[in-house]
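Here the structure is a predicted model, which means the values were calculated and not measured.
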Amino acid sequence: MGRSPLWSVQEPVTAYQVGTNGPGSLTLGAGDPWTDLDLVFTTRHGTPIERTEDWRAWKAILRQAQVRDARVHDARHTAATLLIAQGVHIRVVQEVLGHTRVTTTERYTHVATLQMKDASERMDQALWGPG
């Protein structure tokens, strides 16, 4: 995967410059012990998080939201499917997920029942005219 811009729909994240020690940066409060390794997810000192830390945080988020247990990776499939359902072009979803090939992205998306119904109705109209 290549580097792509980090975009967020949440105001708190977009208000900062990720990965810099400039004013308004997420790293500003770390002080001298900050180690800049150009990472997105770090400990409070800039070092890599433990490999299970994101898993623990994910499980806590699921418990707090009172939703069923799911793998972190399942969220990627959900995100891809929701973006497609909202009409986002598959190539854009590919970029969001960081996939090199669109065929990989296609495996991540799942067609919803409403999308199938809409496609069927459109085909019906194309073949037989307005009903």
Side-chain angles (χ1 to χ4, degrees):
M1 282 189 282
R3 288 187 174 242
S4 61
L6 177 64
W7 300 97
S8 174
V9 295
Q10 296 295 319
E11 179 64 31
V13 174
T14 58
Y16 294 97
Q17 300 170 359
V18 177
T20 68
N21 280 317
S25 134
L26 290 173
T27 62
L28 190 61
D32 289 335
W34 181 262
T35 304
D36 192 356
L37 299 174
D38 196 29
L39 301 172
V40 174
F41 301 104
T42 68
T43 66
R44 62 190 178 117
H45 298 294
T47 56
I49 61 173
E50 291 294 322
R51 64 184 204 184
T52 58
E53 189 60 32
D54 61 341
W55 179 85
R56 278 189 228 127
W58 175 252
K59 295 300 182 180
I61 289 167
L62 294 177
R63 278 192 303 277
Q64 186 177 7
Q66 298 179 353
V67 297
R68 70 174 178 81
D69 190 37
R71 301 172 302 159
V72 174
H73 192 76
D74 295 335
R76 290 176 58 84
H77 289 264
T78 300
T81 300
L82 290 173
L83 289 169
I84 293 293
Q86 295 299 311
V88 176
H89 193 278
I90 188 80
R91 296 285 184 175
V92 175
V93 178
Q94 174 189 355
E95 285 292 318
V96 168
L97 296 178
H99 292 153
T100 304
R101 294 188 172 94
V102 75
T103 54
T104 304
T105 307
E106 289 169 345
R107 286 195 308 263
Y108 269 67
T109 62
H110 307 283
V111 179
T113 304
L114 288 176
Q115 289 171 300
M116 291 295 288
K117 183 176 185 287
D118 180 56
S120 176
E121 288 171 356
R122 288 180 186 212
M123 180 62 76
D124 187 55
Q125 287 180 5
L127 291 172
W128 315 115

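One hydrophobic cluster holds both Ile84 and Val102 under the rule that ILVMFWY side chains link at heavy-atom gaps under 4.5 Å. When hydrophobic clusters are built by joining Ile, Leu, Val, Met, Phe, Trp and Tyr residues whose side-chain heavy atoms come closer than 4.5 Å, directly or via intermediates, Val88 is grouped together with Tyr108. Taking hydrophobic clusters as Ile, Leu, Val, Met, Phe, Trp and Tyr residues chained together by side-chain heavy-atom distances below 4.5 Å, Leu82 does not share a cluster with Val67. Residues Trp55 and Ile49 fall into different hydrophobic clusters, defined by Ile, Leu, Val, Met, Phe, Trp and Tyr side chains chained together at heavy-atom separations under 4.5 Å.
Put simply, the side chain of Lys59 reaches to within 4.5 Å of the side chain of Asp69, judged on heavy atoms. Taking the side chain as every heavy atom from C-beta outward, His99 and Arg76 approach each other to under 4.5 Å.
Nearest heavy-atom pair, Leu97 versus Ala80, reported as atom, atom and distance to 0.1 Å: CD1-CB, 3.7 Å. Residues Gly46 and Leu37 approach most closely at O-CD1, 4.0 Å, considering heavy atoms.
His110 contributes atom NE2, which lies 7.5 Å from atom OG1 of Thr78 (distance to the nearest 0.5 angstrom). Atoms OG1 and CZ, on Thr47 and Arg44 in that order, are 10.0 Å from each other to the nearest 0.5 Å.
The pair Arg91-Glu95 does not count as a salt bridge, with every side-chain nitrogen at least 4.0 angstrom from each carboxylate oxygen.
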message = Test side chain to side chain contact (heavy atoms under 4.5 Å, CB included) on Val92 and Leu83; report intermediate values, then the result.
response = CA-CA 9 Å; Val92 175; Leu83 289 169; over 6 Å; no
task = Could you go through the side chain to side chain contact (heavy atoms under 4.5 Å, CB included) check for Asp74 and Trp58 one step at a time?
result = CA-CA 11 Å; Asp74 295 335; Trp58 175 252; 6.0 Å; no
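Side-chain atoms of His77 and Arg71 form no donor-acceptor pair, as typed in the model, at a separation below 3.5 Å.
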